[in-house]
Student: 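Quick one: the structure is below, questions incoming.
Predicted model only: the values in this text are computed from it and were never measured. Just the heavy atoms: all of them, side chains too, but no hydrogens, waters or symmetry mates, feed the values below.
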Amino acid sequence: MDSKFVPTLYEEKLNDFWVKRGFFEGKVDKAKKPFSIILPPPNANGSLHTGHAMFVFEDILIRYNKLIGNEVLWLLGLDHAGTETQFVFEKQLNKQGKSRYDFDRETLFKMIWDFVMENKGTIKSQLKRLGFALDWSKEKFTMDPEIVKVVYRTFKDLYDKKLVYRAYRLVNYCTKDGTSYSDYEVNYEEEAGSLYYLKYGPFEVATTRPETIFGDTGVAVHPNDKRYQEWIGKEVEIQGPIGPFKVRVVADEAVDPKFGTGVVKITPAHDFTDYEISQRQNLPLKQVIDFRGKLNELTGQYTGLNVKDARVKVGEDLKAKGLLIKIKEDYSHRVGKCYKCGRTIEPLPKEQWFVKIKPLADSAKELIEKDEVKFYPKKYKRQAIQLLDKYIDWNISRQTVWGIRIPAYFCKSTKQWFISPEKPSSCELCDKNDFVQDEDTFDTWFSSGQWPFATLETEGNEFYEYFYPTSVMETGHDILRPWVLRMIMLGSFATGKTPFKTVFLHGMVRDKKGQKMSKSKGNVINPLEMVDKFGADAVRASLVFGIKEGADVPLADDRVIAMRNFANKVWNMGRFIKINDENSLKKDAAQVDSKVLTQLKKEFEQEKKSYQKYMKNYQFSKAFDLIYHFLWHSFADIYIEKLKEPLQSGNIEVLNLLKELYFENLKLLHPYMPFVTEAIWQEFHGTDTSILEVTAVKTI
RNA sequence: GGGCGUAUAGCUCAGUUGGCUAGAGCGUUACAUUGACAUUGUAAAGGUCUCAGGUUCAAGUCCUGAUACGCCCACCA
């Protein structure tokens with residue numbers, strides 16, 4: 001054995017060896033207990049980032065379960081990541097001075113498809129470099145035809161059970177990306193604006209958006225506000241920039257009588273609160289801003305102006321007409337921004353497909369409350385329930401080309417929608433064939449929300465029955481709501497079962513100072529560079545060592561170096577034992593105090609017991625800490641030192657005990673540091689053997 | 001405004017149902033060793049465990065309150 005463990009000499013070789021031996025190809029084996037994890041599919045639009053390195057927790061679980069003799073499956077998959085990917089791709093196009101409008105739908109789709117296929121390869125090789133024991137023989141992609149079939153089936157089932165409906169309502173629309181988004185793809189930011197106080201018929205109102213005045217269809221006051229009782233229910237005439245118009249005065253609880261004058265102008269088409277009021281009060285909806293973010297033909301001379309310019313112009317013109325009372329400058333308020341491009345989100349009315357959430361959320365809640373799905377760390381159970389309580393209907397339509405096209409067909413003669421995986425041959429109502437397919441694609445989360453059962457189904461019924469529900473869903477706590485909860489909702493809807501028995505949520509990877517990584521801060525670390533420098537074992541272990549489960553973890557050189565040193569220490573323990581193993585048996589060997597051996601055995605038994613307990617409770621950091629301290633500061637620093645002389649003089653009892661306990665510890669350590677442990681194993685037992693072979697494992 | 005979380009050594013973090021003479025990694029200091037390992041060993045310095053009350057024989061650990069920071073949710077015309 002070398003005097004140092006050099007990761008680069010082993011990593012690729014061992015990875016190939018594991019794949020070749022098929023250790024992690026999931027098979028139906030009724031004699032064994034199944035243990036399955038579905039990899040949260042990385043977005044196939046770039047390369048691996050530090051967050052993906054946290055999948056190490058899944059690898060620990062998979063390797064541990066393999067070692068204790070379970071049949072494991074860690075299913076590899078990738079996500080097409082609809083709007084995300086299209087956004088990334090369009091940025092590339094823009095660099096070449098082009099835009100998505102330069103291409104027709106089919107061409108654009110094909111271009112993105114090629115782009116994604118290229119990235120898929122990159123990501124897979126990166127996952128492999130981290131030593132992840134995925135089942136490389138069964139790769140899934142969210143746009144695989146078999147997956148799409150399942151997604152279509154779920155959509156139809158939801159529709160048939162009245163849990164999908166089409167509605168014309170306000171959506172979050174990004175006029176730059178040209179698509180609507182769901183509610184939490186909008187980030188609210190504090191922004192300084194101007195608050196305009198307007199003369200508004202008999203009232204005075206305050207607004208940050210005077211340009212929406214053309215879409216006003218009502219004016220609201222609080223029902224108990226004594227100042228305005230006489231007006232409620234009446235129609236009043238308002239002087240506007242392009243002449244007078246009439247609105248109805250309504251009384252609504254949503255109005256805060258203490259804010260401003262206690263009077264609100266209602267623009268149902270361009271403000272969410274106003275939209276809700278209009279629904280309650282039966283006020284008409286009048287769209288005056290189009291999907292490019294410009295004022296439309298209902299705004300007279302303002303037609304074609306973008307929102308920002310129109311705001312200033314309308315303000316000026318109202319002032320000229322004596323309708324502007326005052327402007328409060330530097331008025332700080334919160335504005336919705338597109339989470340991708342940062343542009344202000346425009347609430348616009350649009351016809352879209354929605355999932356009715358309440359029944360789905362209720363059944364998901366029940367599963368969680370009954371612990372059919374368990375959460376680690378435990379605090380997320382309560383958080384999950386709270387989030388489910390607040391879930392609102394889910395807009396699943398996206399106006400992007402890249403995605404799974406919604407299988408909905410509109411019959412132009414009957415004006416009816418039909419849900420069907422393929423274009424219907426004729427209309428059920430009119431017998432004509434006059435269909436047009438919905439242009440939109442599904443929200444990515446609609447397909448990834450079906451991931452566990454959809455992927456397993458494509459492997460056949462027996463396979464599905466064996467591995468579903470999966471054992472653990474391990475992912476970042478940031479996608480509890482958009483992904484984990486949706487999987488529970490859609491999974492239980494489609495299969496009648498929870499898609500996974502346990503949820504384990506890890507924290508975020510930070511830089512060495514504990515700061516969030518971001519391109520603008522320039523503190524982004526590429527995990528693969530760390531692997532190049534220090535080895536995969538070291539990078540993996542550094543993400544686990546000394547960090548409470550679920551907490552954020554700093555990815556820092558000194559932490560990785562410490563783990564590289566540990567790997568080397570373990571290697572050298574083996575080297576020392578091996579050197580003496582080759583000396584072997586002498587008759588005049590030095591004797592040893594048997595108490596030392598008893599003490600060593602006892603310490604090991606305790607270590608093993610605690611290890612098992614920690615692994616069972618998902619306390620990965622503690623289990624690792626245990627091995628770290630036992631191996632380094634007991635086994636090496638105390639026992640090897642104490643037993644050095646007997647060992648070197650050929651005491652076979654000592655040699656055998658040290659060997660046995662050392663190998664046992666390699667097994668315990670293997671889930672955390674697969675490469676160094678396997679490399680050592682092979683140094684002792686030959687390169688055609690593996691620590692992963694069940695025959696090698698007797699005592700964990 | 002609602003919810004959650006965190007405050008422990010210079011830095012990054014552990015500390016399970018209260019028993020701690022409070023630990024680890026990195027850093028610092030001294031010494032040792034090229035004898036499995038300098039990616040090493042031995043030892044040392046360094047903490048009124050954010051603050052104020054309370055429960056208890058006993059509190060970093062439980063309760064109440066305060067302060068600071070972080071996250072999630074709702075979103076103000």
Student: In residues 554-567 of chain A, what residues come within less than 4.0 Å of RNA chain B, judged by heavy atoms?
Tutor: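 Contacts with RNA chain B under 4.0 Å: P554(A), D558(A), A562(A), R564(A), N565(A).
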
Student: To the nearest Å, how far apart are N572(A) CG and G41(B) P?
Tutor: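 One finds 11 Å between P of G41(B) and CG of N572(A), rounded.
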
Student: Without decimals, in angstroms, what is the distance between D552(A) CG and A14(B) C1'?
Tutor: 15 Å

Student: What's the CZ-C1' distance between F576(A) and A36(B), to the nearest Å?
Tutor: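 Roughly 6 Å, once rounded to whole Å.
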
Student: Rounding to a whole Å, what distance do you find between M573(A):CE and U40(B):C1'?
Tutor: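 The distance from CE of M573(A) to C1' of U40(B) comes to 11 Å, rounded to the nearest Å.
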
Student: Nearest 0.5 Å, what's the CG-OG distance between D625(A) and S610(A)?
Tutor: 11.5 Å

Student: Rounding to an integer number of Å, can you tell me how far L505(A) CG sits from C71(B) C1'?
Tutor: 14 Å

Student: Taking only nitrogen or oxygen atoms into account, show me every contact under 3.5 Å that the protein makes with nucleotides 75-77 of chain B, one pair per line with its distance.
Tutor:
from, atom 1, to, atom 2, distance (Å)
C75(B), N3, R334(A), NE, 2.7
C75(B), N4, R334(A), NH2, 3.0
C76(B), OP1, T273(A), OG1, 2.4
A77(B), OP2, Y331(A), OH, 2.6
A77(B), N6, D256(A), O, 2.5
A77(B), N6, F259(A), O, 2.9
A77(B), N1, D256(A), N, 3.0

Student: Excluding sequence neighbours, so at least two apart, what forms ring-ring contact (aromatic ring centres under 6.0 Å, His included) with Y10(A)?
Tutor: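 Partners of Y10(A) by the ring-ring contact (aromatic ring centres under 6.0 Å, His included) criterion, ordered by chain and then number, come out as F5(A), W571(A).
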
Student: Say you pick atom C1' in A22(B) and the same atom in G60(B); how far apart are they, in whole Å?
Tutor: 8 Å

Student: Both distances below 3.5 Å, Watson-Crick or wobble geometry, any strand: find the nucleotide opposite C51(B).
Tutor: G65(B)

Student: Could you list the residues that satisfy ring-ring contact (aromatic ring centres under 6.0 Å, His included) with Y228(A), not counting sequence neighbours?
Tutor: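 Y228(A): ring-ring contact (aromatic ring centres under 6.0 Å, His included) contacts with F203(A).
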
Student: Name the pairing partner of A24(B), where a pair is Watson-Crick or G-U wobble with both distances under 3.5 Å, or state none.
Tutor: U12(B)

Student: Determine the Euclidean distance between corresponding C1' atoms of A43(B) and G5(B); express it in Å to zero decimal places.
Tutor: 39 Å

Student: Identify each atom pair where a protein N or O and an N or O of nucleotides 5-8 of chain B are less than 3.5 Å apart, giving names and distance.
Tutor:
none

Student: Which pairs pass salt bridge (Lys or Arg N to Asp or Glu O under 4.0 Å) with one or both residues in residues 633-651 of chain A, sequence neighbours excluded?
Tutor: E641(A)-K644(A)

Student: Which base sits across from A36(B) as a Watson-Crick or G-U pair, both distances under 3.5 Å?
Tutor: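 Pairing partner, where one exists within any strand: none, as none qualifies.
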
Student: Going by ring-ring contact (aromatic ring centres under 6.0 Å, His included), name the residues that satisfy it together with Y181(A), two or more places apart in sequence or in a different chain.
Tutor: Y339(A)

Student: In whole angstroms, how far is the P atom of C4(B) from the CZ atom of F375(A)?
Tutor: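 Nearest whole value for this atom pair: 16 Å.
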
Student: Should the pair R169(A) and F354(A) be classed as cation-pi, given the thresholds of under 6.0 Å to the six-membered ring centre and 45° from the axis?
Tutor: yes

Student: Which value, in whole Å, describes the distance between the P atoms of nucleotides C62(B) and U6(B)?
Tutor: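 Looking at atom P only, C62(B) and U6(B) are 10 Å apart.
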
Student: Which residue lies toward the 5' end of RNA chain B, H477(A) or I640(A), if each is placed at its nearest nucleotide?
Tutor: I640(A)

Student: Residues in side chain to side chain donor-acceptor pair (under 3.5 Å) with R209(A), at least two apart?
Tutor: E211(A), E346(A)

Student: Which part of the nucleic acid does E641(A) contact within heavy-atom distance under 4.0 Å: base, sugar-phosphate only, or nothing?
Tutor: base

Student: Name all residues meeting the salt bridge (charged side-chain N to carboxylate O under 4.0 Å, His left out) criterion together with R227(A); count only those two or more places apart in sequence or in a different chain, and write none if there are none.
Tutor: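 Once residues adjacent in sequence are excluded, the partners of R227(A) under the salt bridge (charged side-chain N to carboxylate O under 4.0 Å, His left out) criterion are D225(A).
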
Student: Has S180(A) got a side-chain atom pairing as donor or acceptor with N172(A)'s backbone, closer than 3.5 angstrom?
Tutor: no

Student: Taking the same atom, P, in C49(B) and in U29(B), what whole-Å distance lies between them?
Tutor: 28 Å

Student: Taking salt bridge (charged side-chain N to carboxylate O under 4.0 Å, His left out) as the test, write out the residues that go with K548(A), two or more places apart.
Tutor: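 In terms of salt bridge (charged side-chain N to carboxylate O under 4.0 Å, His left out), with neighbours along the sequence ignored, K548(A) is linked to no residue.
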
Student: Do you see a donor-acceptor pair shorter than 3.5 Å between the side chains of S634(A) and E603(A)?
Tutor: yes

Student: For A43(B), which nucleotide is its Watson-Crick or G-U wobble mate, given both distances must be under 3.5 Å?
Tutor: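 Base-paired to U29(B).
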
Student: Could you pick out which residue, S621(A) or K644(A), lies toward the 5' side of RNA chain B when each is mapped onto its nearest nucleotide?
Tutor: S621(A)

Student: Check the phosphate of G41(B) against W632(A), side-chain N and O only, distance under 4.0 Å to OP1 or OP2. Yes or no?
Tutor: yes

Student: Are there any protein N/O atoms within less than 3.5 Å of an N/O atom in nucleotides 21-23 of chain B, and if so, which ones and at what distance?
Tutor:
none

Student: Applying side chain to side chain donor-acceptor pair (under 3.5 Å), name anything that partners D389(A), two or more places apart in sequence or on another chain.
Tutor: K365(A)

Student: Rounding to a whole Å, what distance do you find between F624(A):CZ and U16(B):P?
Tutor: 20 Å

Student: When the P atoms of U28(B) and G53(B) are considered, how many whole Å apart are they?
Tutor: 40 Å

Student: Counting only Watson-Crick pairs (N1-N3 plus N6-O4 or O6-N4) and G-U wobbles (N1-O2, O6-N3), all under 3.5 Å, who is the partner of C4(B)?
Tutor: G70(B)

Student: To the nearest Å, how far apart are K4(A) NZ and U34(B) C1'?
Tutor: 12 Å

Student: With respect to the side chain of D637(A), which nucleotide from C72(B), U42(B), U39(B) is positioned closest?
Tutor: U42(B)

Student: With rounding to the closest Å, how many angstrom separate the P atoms on C75(B) and U50(B)?
Tutor: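 The same atom, P, in both gives a distance of 37 Å.
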
Student: Thinking salt bridges, do K381(A) and D371(A) make one under a 4.0 Å N-O criterion?
Tutor: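 The answer is yes: the pair qualifies as a salt bridge.
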
Student: Does K337(A) come within less than 4.0 Å of E191(A), counting only side-chain N to carboxylate O?
Tutor: yes

Student: Could you work out the separation of C4(B) and A77(B) based on their C1' atoms and round it to a whole Å?
Tutor: 30 Å

Student: Sticking with atom C1', work out how far A66(B) lies from C20(B), rounded to a whole angstrom.
Tutor: 27 Å

Student: Between Y200(A) and D216(A), is there a side-chain donor-acceptor contact under 3.5 Å, judged purely by atom types and distance?
Tutor: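 Yes.
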
Student: May I ask you to say what F545(A) touches in the nucleic acid, namely base, sugar-phosphate or nothing, with a heavy-atom cut-off under 4.0 Å?
Tutor: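 Here F545(A) touches the backbone only, sparing every base.
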
Student: Give a yes-or-no answer on whether the side chains of H670(A) and E678(A) include a donor-acceptor pair shorter than 3.5 Å.
Tutor: no

